[in-house]
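The structure appears below as structure tokens.
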Amino acid sequence: MSNIIYINDFSAAELDVYARLSENQLLNREHPENGIFIAESPKVIERALDAGCEPVSFLVEDKHLETQAKKLIERCENIPVYTAPFDVLTQLTGFMLTRGMLCAMHRPQIKSLEETVKSTTRIAVLENVMNPTNVGAAFRSAAALNMDAVILTDSCSNPLYRRAIRVSMGTVFQIPWTIVETNGGSIVEALHKEGFKTAAMALSDNSISIKDPRLSDEPKLAVLLGSEGDGLKAETISQSDYVIKIPMSNNVDSLNVAAASAVAFWELGNN
């Protein structure tokens, strides 16, 4: 394989993307068309490639060149493949979590809300969810439990942050998503314009159960989940068509947003 490049020093400049650039530097907010993300593990990389993402380079532990990495490397002709023994690669924090393979890829262009929700009937909406682990877990639940798309407000953690991708098991490449600028306001109006009734997950005096038959009867429903600490904005709740809750026992009043998303998507997705 002519594109294999052996390294013995992790300070090489071409490896900055793996070892030294922060998530914000990779995102490249000033020039998003030049943004990069890092995919970890053969399964996740394969899902990203299947979704049309364009690779920039690979970083592979040398013992995997002829095993689990071979198929992906052959699929991406002329893409640089940097490789080294494990003791060199351990200089990269967290490399042991990658299953021996990383891939730097160009960030895909973000689609509009209208394009993302076209032909959908059940969507998940994340408002101000800032923990990339929770974002990744919500994506995995949405993909597994029959939601058609995921919408994020611009204050959410980016779905292509490395941890979010890893926790999602690559489902961020399998389910349509977009980021909507709210300018500090509510996202509900934009969802209404696309024909969706909105169901805000929140505890209030007028909350109804997620089992309420009116929800499943809605032809187009958006399920809204809020931040880890404060939940949904008061404005978002007041503008929503429904305020919904998960029935619970033992005086437990709420679940982590990732756990709550799984329960809600199971009940309200296109089952």
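Position 1 is the first residue of the sequence; numbering continues from there.
Take Lys220 and apply the salt bridge (charged side-chain N to carboxylate O under 4.0 Å, His left out) test, not counting sequence neighbours, and it matches no residue. Not a single side-chain hydrogen bond (donor to acceptor under 3.5 Å, both in side chains) links Asn183 to another residue, sequence neighbours left out. Contacts of Asp230 classified as side-chain contact (heavy atoms from CB on, under 4.5 Å), with partners at least two apart in sequence or in another chain: Ser227. When the ring pair (Phe, Tyr, Trp, His ring centres under 6.0 Å) test is applied to Phe58, no partner is found at least two apart in sequence or on another chain. The salt bridge (charged side-chain N to carboxylate O under 4.0 Å, His left out) test applied to Glu181 returns no partner, not counting sequence neighbours. For Ser209, the side-chain contact (heavy atoms from CB on, under 4.5 Å) test picks out Lys211, Pro247, with sequence neighbours left out. For Lys245, the salt bridge (charged side-chain N to carboxylate O under 4.0 Å, His left out) criterion is met by no residue, not counting sequence neighbours. When the salt bridge (charged side-chain N to carboxylate O under 4.0 Å, His left out) test is applied to Asp154, no partner is found at least two apart in sequence or on another chain. Glu23 is linked by a side-chain contact (heavy atoms from CB on, under 4.5 Å) to Leu26, Arg107, Tyr161, Arg162, counting only residues two or more places apart in sequence or in another chain.
Salt-bridge check for Glu114 with Lys193: failed, with every basic side-chain N at 4.0 Å or more from each acidic carboxylate O. At a threshold of 4.0 Å, the pair Asp217-Lys197 does not count as salt-bridged, since none of the basic side-chain nitrogens sits closer than that to a carboxylate oxygen.
Looking at His192 and Asp241, their side chains do bring a donor and an acceptor atom within 3.5 Å of each other. The closest side-chain donor-acceptor pair between Asn24 and Ser22, if any, does not fall under 3.5 angstrom.
Counting only residues at least two apart or on different chains, the side-chain hydrogen bond (donor to acceptor under 3.5 Å, both in side chains) pairs with a member in residues 116-127 are Thr121-Asp148, Thr121-Asn270, Glu127-Thr236.
Heavy atoms of other residues, nucleotides or ligands lying less than 6.0 angstrom from CD of Glu235 number more than 12.
Looking at heavy atoms from C-beta onward, Val129 lies out of side-chain contact with Ser157 at the 4.5 angstrom threshold. Looking at Val44 and Cys103, their side chains never come closer than 4.5 Å, going by heavy atoms from C-beta outward. No side-chain heavy atom of Val17 sits less than 4.5 Å from a side-chain heavy atom of Val56.
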Practice item. Evaluate the side-chain hydrogen bond (donor to acceptor under 3.5 Å, both in side chains) criterion for residues Tyr242 and Ser207: first the C-alpha distance (whole Å), next the side-chain angles of each, then the deciding distance (0.1 Å), finally the verdict. Key: CA-CA 8 Å; Tyr242 301 98; Ser207 294; over 6 Å; no
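Residue Ile187 is found in a hydrophobic cluster whose other members, listed by chain and number, are Leu113, Val117, Ile123, Val125, Ile151, Val180, Val188, Leu191, Phe196, Leu224, Leu232, Ile237, Val243; membership requires side-chain heavy atoms under 4.5 Å apart, directly or through intermediates.
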Table please: side-chain donor-acceptor pairs of residues 136-147 below 3.5 Å, with sequence neighbours left out.
| residue | atom | partner | partner atom | Å |
| --- | --- | --- | --- | --- |
| Ser141 | OG | Ala137 | O | 3.3 |
| Asn146 | ND2 | Asn271 | OD1 | 3.1 |

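For the side-chain contact (heavy atoms from CB on, under 4.5 Å) with Leu160, the lone residue among Ser168, Pro108, Cys53 that qualifies is Pro108.
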